[in-house]
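The structure presented is a predicted model; accordingly, all values stated were derived computationally and were not measured. In what follows, every heavy atom counts, from backbone to side chain, and hydrogens, waters and symmetry copies are set aside. Letters A, B, ... are given to chains in the order of the sequence lines, protein chains preceding strands, and every chain is numbered from 1.
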2 protein chains.
Amino acid sequence: MTSLIPSVSLARRNLAFEVVSSLRAEIISGKLEPGVSLAEPVLAKRFGFSRAPIREALIELESEGLVEFQATGRTRVRILVESDFLEIRDARVALESMGARRAAARWTSGDTAWIEVNLKAQVNASTLAELSRLDIDLHEYVMLRGDNKRVLTLWQSIRRQFEMCLAKLHRNQQSLAFEPRQITVSAHRRLLAALASGSPEKAAQTMAAHIEDSMEWAPMYNQGLDGAMA
Amino acid sequence: MTSLIPSVSLARRNLAFEVVSSLRAEIISGKLEPGVSLAEPVLAKRFGFSRAPIREALIELESEGLVEFQATGRTRVRILVESDFLEIRDARVALESMGARRAAARWTSGDTAWIEVNLKAQVNASTLAELSRLDIDLHEYVMLRGDNKRVLTLWQSIRRQFEMCLAKLHRNQQSLAFEPRQITVSAHRRLLAALASGSPEKAAQTMAAHIEDSMEWAPMYNQGLDGAMA
DNA sequence: GAATCAAAAATTGTCGACACTTTTAAACAA
DNA sequence: TTGTTTAAAAGTGTCGACAATTTTTGATTC
């Protein structure tokens, strides 16, 4: 289901592309934790390449916001704090409202069917990670249907940073003690209704409200930070 | 007045930084026209550097959307067509609505004063380029006051692509036969009123409507393309 | 044990080199 | 003139090297 991700930009299929894909996946999944050093010689040895493609990959990842350059020139996995989380929320609201507005204007019964399949899977999801995955897939589908490459690309960047936040929350699971499934599914049903209603404005508003609701746990975002200092 | 641009990201102050700044300015201003080749050895000779910093700069510029990699690996200044222009419009609406919403929530009389100085300059502007500059400065001020680094950074990227569009329009001036000054200034006065009204929602809506109005010339965007084929 | 200083190791920024591919130019034929 | 083939020029992707800087390590002192 993640195959619906389009190969945005990156027309070059070189070694740097491979490094970007690999590191991106590890950062998003939390396998590479925030703050971890990304020294070029180390990565070069690990991938079996020279430093050149590694450097190019790090530049790419920095512009995606997954990696940060320190004043000394050193690179590390980006550390996100609560204010970052709040920024991500508002960026999502801005971009996904527009995505929903545009998607609603071209919504078809086939789109409704796709969402319904996704929602059935959400109901049957057995782990929190699986539910998160399906949630993001649903939102990505709407963005794709919004049919605006720029808005989509900007959103992809924010989405990846959001996934970094999720990885952190999954690490300190105590932050998600409540039962999110029912809430998530019913919110998505309301969203679907708005998208299919034929009113772009309603779709945009419903999306904005949904994101704000679903990211309400922001205040507890930094709770478990102390023990996670890398 | 352009000094209000913050040094977003790019913590590294290396040769690539210099190349990015320089090429970016030339592309945005239209000095480097869309489609022009950006071969690494040529640029290396021109800047007096080796190819390494040039390559890094091109990667950066590609992620900003100012430059495009072709399937062959060659790089050229990005060519924007009307559909790109429409995408940019909606991206601006999404990001600047959010920027205005957040700016309105923390608006002060000092902010109103800043805008009023800008508007006086708009009234006295003698060239279309100067008016465009002041227009963008005003929008940037609102985005800065929105106080969200991510939304700001995403917007900067879109803004630069928008400036590329302006450069193209300035090349084929016949596209702007109407008198934009009165319209621009009065629209900005309405925007200022909304920002100062204390209603974030009203500010967001007014901004969205303003951008859609002000970019209404989209249909004529490709008029003069034939003669501008590089 | 904690702080200080010096040596060693690691890292970045930049360069030039080389194989391989693509583009351009020239020579030639119809 | 136009089209085709071939040789030359230019361009990209990748590598290893080296100086300069930063970080780490280890020895020494209080």
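Comment: D84(B) does not engage K149(A) in a salt bridge, judged by the lack of any side-chain N to carboxylate O separation of less than 4.0 angstrom.
Protein atom CZ of R12(A) is 14 Å distant from nucleotide atom C1' of dT21(C), rounded to whole Å. Between the CZ atom of F17(B) and the C1' atom of dT14(C) there is a distance of 18 Å, rounded to whole Å. K45(A) places its NZ atom 20 Å from the P atom of dT14(D), with the value rounded to the nearest Å. Taking atom CZ of residue R76(B) and atom P of nucleotide dT23(C), one finds them 11 Å apart after rounding to whole Å. Remark: P of dT14(C) and CD of E40(B) are 15 Å apart, rounded to the nearest angstrom. When the C1' atom of dT14(D) is taken as reference, atom CG of N14(A) falls 10 Å away, rounded to whole Å. We find that CG of L38(A) is positioned 15 Å from C1' of dA10(C), with the value rounded to whole Å. Following rounding to the nearest Å, R13(B) (CZ) and dA20(D) (C1') show an atom-to-atom distance of 19 Å.
A donor and an acceptor atom never sit less than 3.5 Å apart when one is taken from the side chain of R51(B) and the other from the base of dG11(D).
The side chain of P41(A) lies closest to dT11(C) when the candidates are dC15(C), dG11(D), dT11(C).
Contact of the L23(A) side chain with the L58(A) side chain is registered, since non-hydrogen atoms from C-beta on lie closer than 4.5 Å. Two residues are said to be in side-chain contact when any heavy atoms from C-beta on lie closer than 4.5 Å; L95(A) and I158(A) meet this criterion.
Heavy-atom distances to DNA chain D give each of E56(A) and T72(A) a nearest nucleotide, and the one nearer the 5′ end belongs to E56(A).
For dG13(D), the OP1/OP2 oxygens have a side-chain nitrogen or oxygen of R55(B) closer than 4.0 Å. Distances shorter than 4.0 Å separate none of the side-chain N or O atoms of R74(B) from OP1 or OP2 on dT23(C).
Aromatic ring pairs are classed by plane angle as parallel below 30°, tilted from 30° to 60° and perpendicular above 60°; the pair H210(A) and H188(A) is perpendicular.
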